[in-house]
Amino acid sequence: MTTRTVDATQELAAFLRTRRERLDPRDFGLPSRRRSRRTPGLRREEVAELAGVSIDYIVRLEQARGLRPSVDVVEALARALRLAPDERAYLFDLTRQRPRNADRPATTATPPLARLVADLSPLPAMLTNHRYDILAWNGEMARLLVDFDALPPRQRNVIWLCLMHPEIREFYVDRERVVREGIAHLRAAWAAHPEDRALTELIAELTTHDEEFARLWEERDVKVNGRGHKVMRHPDVGVIAVHFELLMPLQDTDQRLLICRAADDESRSALDRLCAR
């Protein structure tokens with residue numbers, strides 16, 4: 001058996017044809033016209049109308065004639081063909097375009113992920129969305145950082161706490177680096193979610209009320225950290241160094257799972273004392 005690299009143009013043509021042919025015209029309010037339809041599914045002109053493009057454009061795509069659809073056209077095709085999320089991602093991969101986030105911004109934790117956060121105990125863990133809103137946490141994370149239950153919901157945001165909360169402001173030993181990296185991550189999220197009004201309002205609030213944020217935001221650093229190291233001065237148990245991992249579930253892509261582990265024996269002992277309180 002031999003293998004070969006994917007010919008994206010040919011595969012795009014075949015994929016569009018098969019997705020079109022599997023659709024039932026009756027699901028779109030169209031007459032089946034069984035006698036006049038020589039092939040199953042929707043006609044090319046029907047897909048073209050649903051996607052807002054010309055019939056000739058659909059023909060050329062399905063004949064692998066070298067077109068590269070824009071992001072807007074790919075979005076329109078995905079909607080017209082009623083693609084499932086995995087199929088939509090595949091279409092974007094074939095067209096070499098970056099998909100817009102299909103998931104709406106998460107405002108509550110998905111129950112299976114919330115249970116996972118609890119089950120990760122005794123490791124401190126929490127669940128956030130792309131704008132750093134804290135959606136779920138376990139007791140260890142609350143003891144490590146702050147009692148999230150005591151905070152108003154709008155203050156349950158990692159960046160807001162780091163910049164505005166009187167205790168958390170002085171919590172990190174290397175505060176400048178932590179804040180700088182957090183803002184660089186937030187800028188990447190802002191570019192990826194330009195329609196997120198809540199994120200825009202958060203940035204406006206922080207820019208107006210915090211000089212440090214305003215200064216670093218203007219530097220336009222962009223960085224996404226999936227793992228790292230932080231050192232904290234905890235008021236009850238002293239210095240704690242942790243390694244963290246930030247994981248993104250495949251099913252709920254607007255939710256991020258943050259897990260912390262002690263970076264050394266002293267920090268492990270301090271975490272044990274903290275969790276035993």
Side-chain angles (χ1 to χ4, degrees), residues 1-107 110 112-113 129-131 187-197 199-200 222 224 226 247-257:
M1 183 175 66
T2 60
T3 59
R4 57 176 180 155
T5 58
V6 174
D7 184 328
T9 302
Q10 292 290 340
E11 177 57 22
L12 174 63
F15 183 67
L16 291 175
R17 285 196 303 271
T18 58
R19 298 309 93 170
R20 174 173 61 82
E21 291 170 358
R22 75 175 184 174
L23 296 173
D24 189 334
R26 291 170 297 184
D27 292 338
F28 296 80
L30 300 171
S32 59
R33 298 174 186 167
R34 293 180 182 271
R35 294 180 181 178
S36 61
R37 288 183 183 269
R38 291 177 295 177
T39 58
L42 297 188
R43 292 191 175 94
R44 287 169 173 165
E45 57 266 29
E46 291 166 340
V47 172
E49 183 177 355
L50 289 168
V53 298
S54 69
I55 300 173
D56 181 62
Y57 194 87
I58 298 295
V59 170
R60 286 186 289 164
L61 282 175
E62 291 194 0
Q63 292 179 349
R65 287 159 61 181
L67 295 179
R68 183 182 177 184
S70 67
V71 172
D72 288 337
V73 170
V74 178
E75 287 276 10
L77 288 170
R79 288 194 301 269
L81 296 171
R82 298 189 176 180
L83 299 184
D86 292 342
E87 295 172 326
R88 177 181 177 276
Y90 185 67
L91 179 63
F92 272 96
D93 285 340
L94 290 176
T95 56
R96 301 297 187 264
Q97 299 285 8
R98 181 172 181 173
R100 297 164 184 162
N101 195 334
D103 293 343
R104 294 183 177 181
T107 56
T110 302
L113 292 178
N129 60 16
H130 67 269
R131 55 181 175 248
R187 179 171 279 282
W190 177 66
H193 300 83
E195 75 293 341
D196 186 349
R197 182 169 298 179
L199 177 57
T200 301
V222 179
V224 177
L247 308 177
M248 182 184 296
L250 287 174
Q251 290 291 102
D252 303 285
T253 58
D254 193 51
Q255 300 188 41
R256 286 101 169 97
L257 178 62

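We use all heavy atoms of the structure for the numbers below, so side chains are in, but hydrogens, waters and symmetry mates are not.
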For [X] and [Y], work out which heavy atoms get closest and say how close.
X: D254; Y: P105; value: OD2-CA, 3.0 Å
X: P249; Y: Q255; value: CD-O, 2.9 Å
X: L23; Y: L81; value: CD2-O, 3.7 Å

Between [atom1] of [X] and [atom2] of [Y], what distance do you get to the nearest 0.5 Å?
X: T110; Y: D252; atom1: OG1; atom2: CG; value: 3.5 Å
X: L77; Y: R82; atom1: CG; atom2: CZ; value: 14.5 Å
X: W190; Y: R131; atom1: CH2; atom2: CZ; value: 15.5 Å
X: F28; Y: L42; atom1: CZ; atom2: CG; value: 5.0 Å
X: R256; Y: L247; atom1: CZ; atom2: CG; value: 11.5 Å

> Taking only residues two or more places apart in sequence or in another chain, which ones pass side-chain hydrogen bond (donor to acceptor under 3.5 Å, both in side chains) with T9?
Replying inline: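 So T9 forms no side-chain hydrogen bond (donor to acceptor under 3.5 Å, both in side chains) with any residue.
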>> Please enumerate all residues that pass side-chain hydrogen bond (donor to acceptor under 3.5 Å, both in side chains) together with R65, with sequence neighbours excluded.
In response: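 Applying side-chain hydrogen bond (donor to acceptor under 3.5 Å, both in side chains) to R65 gives Q63.
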> Does a side-chain heavy-atom distance below 4.5 Å link T95 with L12?
Replying inline: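 Yes - at least one pair of side-chain heavy atoms lies under 4.5 Å apart.
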>> In terms of relative ring orientation, are H193 and H130 parallel, tilted or perpendicular, with 30° and 60° separating the classes?
In response: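 Parallel.
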Show me the side-chain donor-acceptor pairs of residues 47-59 shorter than 3.5 Å, one per line, residues at least two apart or across chains.
residue: S54; atom: OG; partner: Y57; partner atom: N; Å: 3.0
residue: D56; atom: OD2; partner: R60; partner atom: NE; Å: 3.0

> Of all residues at least two apart in sequence or in a different chain, which pass the salt bridge (charged side-chain N to carboxylate O under 4.0 Å, His left out) check with E87?
Replying inline: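 Partners of E87 by the salt bridge (charged side-chain N to carboxylate O under 4.0 Å, His left out) criterion, ordered by chain and then number, come out as R19, R22.
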>> My understanding is that only residues two or more places apart in sequence, or in another chain, count here; which of them pass salt bridge (charged side-chain N to carboxylate O under 4.0 Å, His left out) with R44?
In response: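 By the salt bridge (charged side-chain N to carboxylate O under 4.0 Å, His left out) rule, R44 matches E62.
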> With sequence neighbours left out, what residues match A78 under side-chain contact (heavy atoms from CB on, under 4.5 Å)?
Replying inline: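 L83, R88, L91.
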